[in-house]
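Just so it is clear: chains get the letters A, B, ... in the order the sequence lines come, proteins before strands, and each one is counted from 1.
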Protein chains: 2
Amino acid sequence: MVNRFEKARDAITATPSLVIDLPTVERNLQRLHRYADEAGIRVRPHTKTHKSLFFARQQVAHGCHGLTVAKVGEAEVMAQVADDILIAYPAIDPDRRRRIAELAKTTMVHVAIDSAYAIAVLAEAAQAAGTIIGILIDINVGADRTGVADAAASLELAQLVTQHRSLRLDGIFFYPGQVWSPAEDQESPLHQIDQKLSEAISLWAEHDLACPIVSGGSTPTAYQSHLIKSQTEIRPGTYLFNDMNTVRAGFCQQEDCAAAIICTVVSTAVPGKGVVDAGTKTLTSDRNVLHPNSGHGHVIEYPAAVITRLSEEHGEIDFSACPNRPQVGDRVTIIPNHICPCVNLQNQVILQDAEHRLTPSTVDSRGMLS
Amino acid sequence: MVNRFEKARDAITATPSLVIDLPTVERNLQRLHRYADEAGIRVRPHTKTHKSLFFARQQVAHGCHGLTVAKVGEAEVMAQVADDILIAYPAIDPDRRRRIAELAKTTMVHVAIDSAYAIAVLAEAAQAAGTIIGILIDINVGADRTGVADAAASLELAQLVTQHRSLRLDGIFFYPGQVWSPAEDQESPLHQIDQKLSEAISLWAEHDLACPIVSGGSTPTAYQSHLIKSQTEIRPGTYLFNDMNTVRAGFCQQEDCAAAIICTVVSTAVPGKGVVDAGTKTLTSDRNVLHPNSGHGHVIEYPAAVITRLSEEHGEIDFSACPNRPQVGDRVTIIPNHICPCVNLQNQVILQDAEHRLTPSTVDSRGMLS
């Protein structure tokens with residue numbers, strides 16, 4: 001297979017470096033928007049994957065309808081390029097709600113919440129700042145992470161929201177994070193989710209509550225979004241770069257992976273092993289979602305190699321199934337298991353354009369945890 | 001148990017925040033140096049744990065003999081406070097070796113290597129810069145990560161080093177990373193390591209090669225260092241802060257943990273669960289070394305709680321074994337499994353002094369991967 005990172009691998013100055021192939025990003029963007037346009041669904045990409053104004057601008061240029069973030073620090077950064085931001089997180093502590101209320105002075109902000117506490121404190125913060133915060137009621141559709149249990153519970157919170165003049169009831173939020181089955185097996189679980197959402201929307205309507213936004217989506221379910229008829233927008237993140245999670249689950253091909261770590265083989269002294277300069281502080285210790293024992297990523301030059309163990313700065317690779325072995329000083333290219341936290345570990349990434357020119361780019365909202 | 005983080009927990013502005021209790025750090029420092037002084041062994045602490053000039057200065061003030069780093073970027077930062085730095089890593093790629101040779105103009109630098117390639121390229125880089133780089137030969141004593149196999153192989157590399165006028169043969173390097181057994185069971189494995197090192201030192205002596213530095217050590221073996229008589233210095237890192245890895249392995253008590261993540265409960269909507277604003281981007285996904293199924297850290301306020309699952313920004317906690325449950329908006333304190341990569345995720349930490357005053361402090365070499 002052609003290694004699109006080969007020229008960058010040999011040309012970059014320092015390893016480990018995260019190189020992002022822009023033509024692949026462009027293809028990933030076009031593919032998603034082509035699908036979403038046909039399905040008549042809006043795209044509000046999650047910027048947790050790239051944390052970069054450069055890529056946020058690309059997403060805006062491709063016609064996304066606002067952006068998604070997890071944390072308020074990210075929202076403040078991304079407000080530089082989008083005027084409509086969804087905080088897909090119950091951002092309720094005093095520091096966050098004060099900052100959200102402030103941000104709402106210049107940016108349309110929606111916050112996904114699942115408690116009466118969140119409603120009370122966000123209303124108070126918005127009132128104090130003289131702004132209005134948009135609220136989405138988070139309904140648990142099976143990921144069992146956040147979200148109220150059912151339509152009745154969602155109605156209760158929705159009605160609470162309408163009691164506050166500093167809040168605006170924007171609709172429903174959900175996250176189908178439990179759906180990782182192959183695309184052809186998603187019809188049944190997504191249909192169940194749609195039913196649950198439809199019940200809530202109907203119940204809201206019976207109580208004269210509109211639901212202009214029904215926000216869902218993930219990368220694994222992105223191209224089956226038409227199966228959840230009631231949703232109005234999707235929030236995929238990983239689709240932009242892809243990684244070994246999306247490859248091994250069958251949601252994309254390896255050539256759709258836009259981001260890879262270029263690293264150097266620093267030791268081959270222990271028989272059967274090669275050690276590279278990328279450990280958990282570069283790749284994270286995230287295991288593959290569907291294949292947790294598949295190792296810590298994929299080595300493009302040695303497809304049969306297994307990254308067996310990571311320390312903080314050492315990556316141990318078993319090359320015993322490979323016809324050839326690298327030498328100390330050689331460089332190899334690793335596609336990480338999970339690109340989102342991996343990007344968050346980098347101070348900068350290297351952008352590779354169609355002519356293989358390399359440009360450093362800042363990870364603008366890296367490490368913004370609150 | 002007294003929660004030393006209680007006042008900080010309630011006083012800090014933003015969550016999640018990593019708070020470091022300075023009196024505990026001071027006790028950890030004093031304990032190690034008291035032991036090392038009695039054992040007649042030098043301490044060269046690994047700065048990968050704190051990545052901060054503030055703590056490096058504390059270590060220097062307590063009489064450590066130089067500092068240890070993994071990467072050259074860290075070495076460049078730590079050279080601000082120490083004039084003797086060991087790069088515990090085969091730092092051999094063109095960018096690193098050029099920077100090491102440059103750093104050697106003003107700082108005593110030692111690099112641990114295990115290949116003829118490393119010797120050739122470091123010699124060339126030092127010669128080009130007009131400097132001298134100190135070399136330690138890495139011997140594998142059982143961690144099977146890096147290091148040559150035996151005394152004969154170490155002699156071969158040591159002799160190669162002496163052929164270069166731009167290199168200085170400083171001694172032997174080893175890492176007993178496989179030893180995680182209780183202190184009372186370490187005598188046998190550490191004795192075996194000592195034998196292997198002694199063989200190499202004797203063989204070197206037979207060939208008129210001195211071995212002024214024998215650098216080893218880790219936090220798990222730190223207080224058994226006297227059992228490896230041939231080593232001259234130890235390089236523990238985690239001892240400074242400790243974490244659930246060192247607690248659950250029995251190497252310290254929970255009250256020796258100086259660092260904890262203060263976070264906010266953001267959702268209790270899913271029955272039996274509480275969700276906090278600390279996920280893998282705050283705590284890392286590192287599992288506990290000896291108890292991989294013990295969850296992702298320890299909640300001080302709820303000792304029976306289990307952090308069952310992390311997403312990037314969500315930490316899911318099972319409180320079902322706890323007599324009480326937190327409410328949305330409450331703050332809790334988590335001791336992470338592995339503090340070193342956790343610190344690396346923070347842009348800053350909050351220092352807590354004996355009077356519970358809080359001061360932000362930069363993580364100076366955070367994210368320095370090359």
Carefully, step by step, assess B/Asn245 and B/Trp180 under the rule side-chain contact (heavy atoms from CB on, under 4.5 Å).
CA-CA 10 Å; B/Asn245 275 337; B/Trp180 270 79; 3.9 Å; yes
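- Side chains of A/Ser370 and A/Arg99 form a contact here, defined as non-hydrogen atoms less than 4.5 Å apart.
- Using a cut-off of 4.0 Å between Lys/Arg side-chain N and Asp/Glu carboxylate O, B/Arg97 and B/Asp93 are scored as not salt-bridged.
- The closest side-chain heavy-atom distance from B/Cys263 to B/Val332 is below 4.5 Å.
- When the heavy atoms of residues 112-124 of chain A are compared with those of chain B, the residues falling under 4.5 Å are A/Asp114, A/Ser115, A/Tyr117, listed by number.
- Among the candidates A/Gly279, A/Gly367, A/Gly329, the residue making the largest number of heavy-atom pairs closer than 4.5 Å to chain B is A/Gly329.
- Here CG of B/Asp286 is found 9.0 Å from CG of A/Leu310. Values are rounded to the nearest 0.5 Å.
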B/Phe173 and B/Ile137: side-chain contact (heavy atoms from CB on, under 4.5 Å), yes or no, with the steps?
CA-CA 6 Å; B/Phe173 173 97; B/Ile137 308 299; over 6 Å; no
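- Between B/Ile87 atom CD1 and B/Ile92 atom CD1 the span is 12.5 Å, to the nearest 0.5 Å.
- Inspection of non-hydrogen atoms places A/Pro341, A/Asn344, A/Leu345, A/Gln346, A/Asn347 of residues 341-348 of chain A under 4.5 Å from chain B.
- With a 4.5 angstrom heavy-atom cutoff, B/Thr264 touches chain A only via side-chain atoms.
- In this structure, CD1 on A/Ile261 lies 4.5 Å from CG on A/Leu18, to the nearest 0.5 angstrom.
- Interface residue A/Asn140: only side-chain heavy atoms are found under 4.5 Å from chain B.
- With a threshold of 4.5 angstrom between heavy atoms, B/Lys48 approaches chain A through its backbone and through its side chain.
- Between the side chains of A/Asp318 and A/Ser320, at least one donor N or O lies within less than 3.5 Å of an accepting N or O.
- Chain B forms more heavy-atom pairs under 4.5 Å with one residue of A/Thr13, A/Val72, A/Ile12 than with any other, namely A/Thr13.
- One N or O on the side chain of B/Thr47 and one on the backbone of B/Thr68 form a donor-acceptor pair closer than 3.5 Å.
- Residues A/Val141 and A/Tyr175 are not in side-chain contact: their nearest non-hydrogen atoms beyond the backbone lie 4.5 Å or more apart.
- For B/Val275, the part lying under 4.5 angstrom from a heavy atom of chain A is the side chain only.
- Contacts between residues 145-154 of chain B and chain A, defined by a heavy-atom separation under 4.5 Å, are made by B/Arg145, B/Thr146, B/Gly147, B/Val148.
- Residue with the most contacts toward chain A among B/Arg366, B/Arg98, B/Met368: B/Arg366 (heavy-atom pairs, distance under 4.5 Å).
- Here the side chain of B/Glu74 pairs no donor or acceptor atom with the backbone of B/Leu369 at under 3.5 angstrom.
- Counting heavy-atom pairs closer than 4.5 Å to chain A, the top residue among B/Glu313, B/His338, B/Gln327 is B/Glu313.
- Listed by first and then second residue, the side-chain hydrogen bond (donor to acceptor under 3.5 Å, both in side chains) pairs involving residues 272-283 of chain A are A/Thr15-A/Asp277, A/Lys273-A/Glu316, A/Asp277-B/Arg96, A/Lys281-A/Glu312 (not counting sequence neighbours).
- Not one N or O on the side chain of A/Arg331 forms a donor-acceptor pair closer than 3.5 Å with the backbone of A/Val265.
- Within the 3.5 Å criterion, the main-chain N or O of B/Val111 finds no donor-acceptor partner in the side chain of B/Asp138.
- Although no hydrogens or angles enter the test, the distance criterion places no donor-acceptor pair under 3.5 Å between the side chain of B/Lys51 and the main chain of B/Val363.
- Between the CD1 atom of A/Ile339 and the OG1 atom of A/Thr219 there is a distance of 12.0 Å, given to the nearest 0.5 Å.
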